[in-house]
Amino acid sequence: EAPPPVKGWPTPWLTQDEFNHYMLPLYEHNWRTTIETQKQIQAEGTQSTHALGTFLEKTFAFDDSRSCFAALQSIHELCEKEKHHCEWTGGGRLDGKNAVTIPVCTHTAMRPEWPEDGS
Amino acid sequence: GRKVPGITLRDVRFAILLDQTLACQVS
């Protein structure tokens, strides 16, 4: 079940408890965590000082292009409702079918303070 | 703390809603 809408800004990173509660079920639903690569950063033309982002990502497969584009429309509407920037990459294949990959992250999230004796 | 990219409850909510939204559309 989805958590209620988040209020306030910036939003903090997931806590350990939130991670345990939400991320493990998401992994079971084929979501994965991945990290933005230097190649992607260069492709976006951002600075080398740009912080590396960890994001949630999932690839969705569709039987045909009609259902694929219908899904993109649904994603667009959800993005507007949730005030989420939408990014996606298409043209991929999953199990021999049309696939769309959706990365999800918060670009200006609040990182917790490191412990003073932490590395 | 510094504002940097990361995974937040906002993203988790979006991912779960996305799964629910696309449940009938994926193959």
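All chains are named by letter (A, B, ...) in the order of the sequence lines, taking the proteins before the strands, and each is independently numbered beginning at 1. A quick note: this is a predicted structure, and the numbers were derived from the prediction, not measured.
Atoms CZ and CD1, on Phe14(B) and Ile16(B) in that order, are 12.0 Å from each other to the nearest 0.5 Å.
Side chain of Glu57(A) to backbone of Thr33(A): no donor-acceptor contact under 3.5 angstrom is found.
With a threshold of 4.5 angstrom between heavy atoms, Trp13(A) approaches chain B through its backbone and through its side chain. For Ile102(A), the part lying near chain B is the side chain, with the backbone staying farther off; criterion is any non-hydrogen pair under 4.5 Å. Proximity to chain B (any heavy atom under 4.5 Å) is restricted, for Pro4(A), to the backbone atoms N, CA, C and O. Using a 4.5 Å cut-off between heavy atoms, Glu1(A) contacts chain B through its backbone alone, with no side-chain atom that close. Residue Thr15(A) does not touch chain B at all, counting heavy-atom pairs closer than 4.5 Å. Lys58(A) touches chain B through its side chain: at least one heavy atom from C-beta onward sits under 4.5 Å away, while N, CA, C and O do not. Contact of Pro3(A) with chain B is made through backbone and side chain together, with heavy-atom distances under 4.5 Å. Heavy atoms of Leu18(B) lying under 4.5 Å from chain A belong to its backbone as well as its side chain.
Side-chain contact annotation: Thr106(A) with Arg10(B), donor-acceptor N/O pair under 3.5 Å absent.
Taking the side chain as every heavy atom from C-beta outward, Leu9(B) and Tyr22(A) approach each other to under 4.5 Å. Looking at heavy atoms from C-beta onward, Val100(A) lies in side-chain contact with Cys68(A) at the 4.5 angstrom threshold.
By number of non-hydrogen pairs under 4.5 angstrom with chain B, the leading residue of Ser67(A), Pro25(A), Ala61(A), Cys79(A) is Ala61(A). Ranked by non-hydrogen atom pairs under 4.5 Å with chain A, the options Asp19(B), Leu17(B), Thr21(B) are led by Asp19(B).
Results of the side chain to side chain contact (heavy atoms under 4.5 Å, CB included) test with Val12(B) over Val104(A), Val6(A), Leu26(A) single out Leu26(A) as the only residue that passes.
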Next item on the list: Verify side-chain contact (heavy atoms from CB on, under 4.5 Å) between Ile75(A) and Leu22(B), making sure each step is shown before the conclusion.
Entry: CA-CA 8 Å; Ile75(A) 294 167; Leu22(B) 299 184; 4.1 Å; yes
